[in-house]
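Take a look at the structure below.
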Amino acid sequence: MRVPFYDIKAQYDELQAPMDAAVHEVIASGEYSMGPNHNLIEKELAALHGVKHGIALNSGTDALRIIMDAAGIGAGDEVITASFTFVASVETIVQTGARPVFVDIDPATFCIDPAKIAAAITPRTKAIQPVHLFGQLADVAAITQIAKEHNLAVIEDAAQAIGSHHNGTYAGNYGIGAGFSFYVTKNLGAAGDAGLILTNDDAIAEACRSIRVHGMGKQRYYYDHIGYTSRMDEVQAAVLRVKMTKFHEWNERRAQLAAIYLDVLASSELTLPVVSPGNNTTWHQFSIRHGRRDALQQFLKERDVASMIYYPVPIHFHEPYKHFGEGQGSLPESERAAKEILNLPIHPHLSVDQVAYAAKLIAEFCASETSTP
Ligand SMILES: Cc1ncc(COP(=O)(O)O)c(C=O)c1O
């Protein structure tokens, strides 16, 4: 039985009629830039997260960059973040001219460990950027408390946390702004690239809206900021609005599939994902840990079960970022996670049988490992 890691085409197959109609309507309308879908998706996603302002963009990367620009982060500043993340969390800090300061992760959740943040704060620290990895929030209660005590901004990298909350308060409510991604593989994925900023801060919202379009102010061709071309295409907004109709159903499906993995693997010798108290997870990823991860991945591959490694190398080991870190052994949990993590297929178009099959194989592998002398 083949178990693919993603099946984006299956989303289209399920939504073909409304998707074709929505895309056709945009093309036929001639309103390609900041049209009605663009304006509505901003409102709909802001409402979903209980946040005041939504700013639709071309990517999650630009979302993070634009929040930092709007907050005036730049040369001479430091931003605390994780090294065990997708590169965009860090490259955007570097692009502003600020220095990323890496803090290790909590091995249970893969998110930044708040207990290690205080030691990384210096007089140059301007912000903490927690990454809400794999569908659940970082420890937002502890992080916002530290930020308050040290008068620091919090910028949420919520690229993987659409619809994630802690005790009912959603991503987007824990700092000056949150960047979301609708890259094709996300729980809500565009037909290409798209992103979003959510913020409750009126001034940040106004600055972000301006920076999105070259820094233009209220008056056309008068500029308040140095900006970018970062609008969300109207076609992408239309696609996202159609997929929004399935957002909750597809996340519930992911939860059902996660329950199968958790059940079948409960007594196996591996580490299962942990959801922190008060958090939901949208199961953007289902991440296990195993000491012989590469052998397990090969075992699954030979049996047609796909898996991925997010992330094989922490950012502080990559050439362009090495000089910001303190080298091998400086972030032991991030480094260990990179060696042990394996992300299993969990997309909503998998059948129960496919996931049960994958889980059974993993249990088999673990059993054979423990029985080997
Ligand atoms: C943690 C994280 N941050 C930022 C991004 C950047 O988003 P995008 O690919 O939409 O630019 C991603 C997306 O893949 C991500 O996973």
Side-chain angles (χ1 to χ4, degrees), residues 5-6 8 41-42 45 54-69 79-96 100 102-103 105-106 109-112 127-138 140 143 154-164 171-172 174-175 177-198 208 211-212 228-233 235-237 239-240 243 281-287 308-316 318 321 334 337-338 341 343 346-347:
F5 197 80
Y6 292 117
I8 311 297
I41 196 83
E42 288 187 335
L45 285 165
I55 298 128
L57 296 166
N58 65 355
S59 69
T61 303
D62 272 20
L64 297 174
R65 175 69 200 273
I66 289 175
I67 297 166
M68 285 188 272
D69 285 350
V79 179
I80 290 171
T81 196
S83 175
F84 188 75
T85 181
F86 181 61
V87 68
S89 316
V90 181
E91 75 186 351
T92 47
I93 297 170
V94 177
Q95 284 164 358
T96 68
F102 299 118
V103 165
I105 54 164
D106 173 345
T109 62
F110 302 102
C111 293
I112 196 165
I128 305 169
Q129 184 207 57
V131 184
H132 302 321
L133 217 53
F134 302 151
Q136 73 166 320
L137 299 192
V140 283
I143 292 165
V154 172
I155 296 164
E156 297 173 76
D157 182 340
Q160 301 184 13
I162 310 151
S164 304
Y174 293 99
F180 294 79
S181 166
F182 308 115
Y183 178 65
V184 291
T185 57
K186 297 291 193 278
N187 288 35
L188 181 63
D193 283 299
L196 175 84
I197 290 169
L198 292 183
C208 290
I211 295 167
R212 167 175 67 182
Y228 313 97
T229 308
S230 291
R231 292 170 288 243
M232 182 190 288
D233 286 336
V235 169
Q236 298 302 351
V239 167
L240 289 175
K243 286 201 182 175
T281 177
T282 56
W283 294 111
H284 175 56
Q285 297 293 340
F286 189 95
S287 314
M308 297 289 277
I309 297 170
Y310 298 125
Y311 297 93
V313 182
I315 303 301
H316 69 292
H318 292 275
Y321 301 100
S334 303
I341 197 163
N343 302 92
I346 190 148
H347 64 80

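All values reported here derive from a predicted model rather than from experimental measurement. Just so you know, ligand 1 is whichever comes first in the structure, and atom 1 is the first atom listed for that ligand.
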**Q.** Candidate pair Lys243 and Phe182, rule side-chain contact (heavy atoms from CB on, under 4.5 Å), full reasoning
**A.** CA-CA 11 Å; Lys243 286 201 182 175; Phe182 308 115; over 6 Å; no

For the backbone of [Y] and the side chain of [X], can you confirm whether one donor and one acceptor N or O come within less than 3.5 Å of each other?
X: Ser164; Y: Gly135; result: yes
X: Ser83; Y: Phe102; result: no
X: Gln160; Y: Leu133; result: no
X: Thr92; Y: Ala88; result: yes

Q) With respect to atom 4 (C) of ligand 1, which of Gly189, Gly179, Ala88 exhibits the smallest heavy-atom separation? A)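 The nearest heavy atom belongs to Ala88.
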
Considering only the protein, which heavy-atom contact is closest to [atom], and what is its distance?
atom: atom 14 (O) of ligand 1; value: Lys186 NZ, 2.7 Å
atom: atom 9 (O) of ligand 1; value: Ser181 OG, 3.9 Å
atom: atom 6 (C) of ligand 1; value: Thr61 OG1, 3.3 Å
atom: atom 16 (O) of ligand 1; value: Gln160 NE2, 2.9 Å
atom: atom 15 (C) of ligand 1; value: Ala159 CB, 3.4 Å
atom: atom 3 (N) of ligand 1; value: Asp157 OD2, 2.8 Å

Q. Is the closest basic N to carboxylate O distance between Arg212 and Glu42 below 4.0 Å?
A.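 Between Glu42 and Arg212 there is a salt bridge, with a charged N closer than 4.0 Å to a carboxylate O.
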
Q: Flag yes if more than 12 heavy atoms outside Tyr183 fall under 6.0 Å of its OH atom; otherwise flag no.
A: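 Counting other residues, nucleotides and ligands, OH of Tyr183 stays at 12 neighbours or fewer.
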
Q.
Quick check on contacts: which atoms of ligand 1 are under 4.0 angstrom from a heavy atom of Ser59?
A.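 Matching atoms, with element in brackets: 10 (O), 11 (O).
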
(Q) Using a 4.0 Å heavy-atom cut-off, which part of Val131 comes near ligand 1: side chain, backbone, both, or neither? (A)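 Contact part for Val131 vs ligand 1: side chain (C-beta onward).
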
Q | Distance-only N or O hit between ligand 1 and Gly60, under 3.5 Å | A |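 Yes; at least one N/O pair falls below 3.5 Å.
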
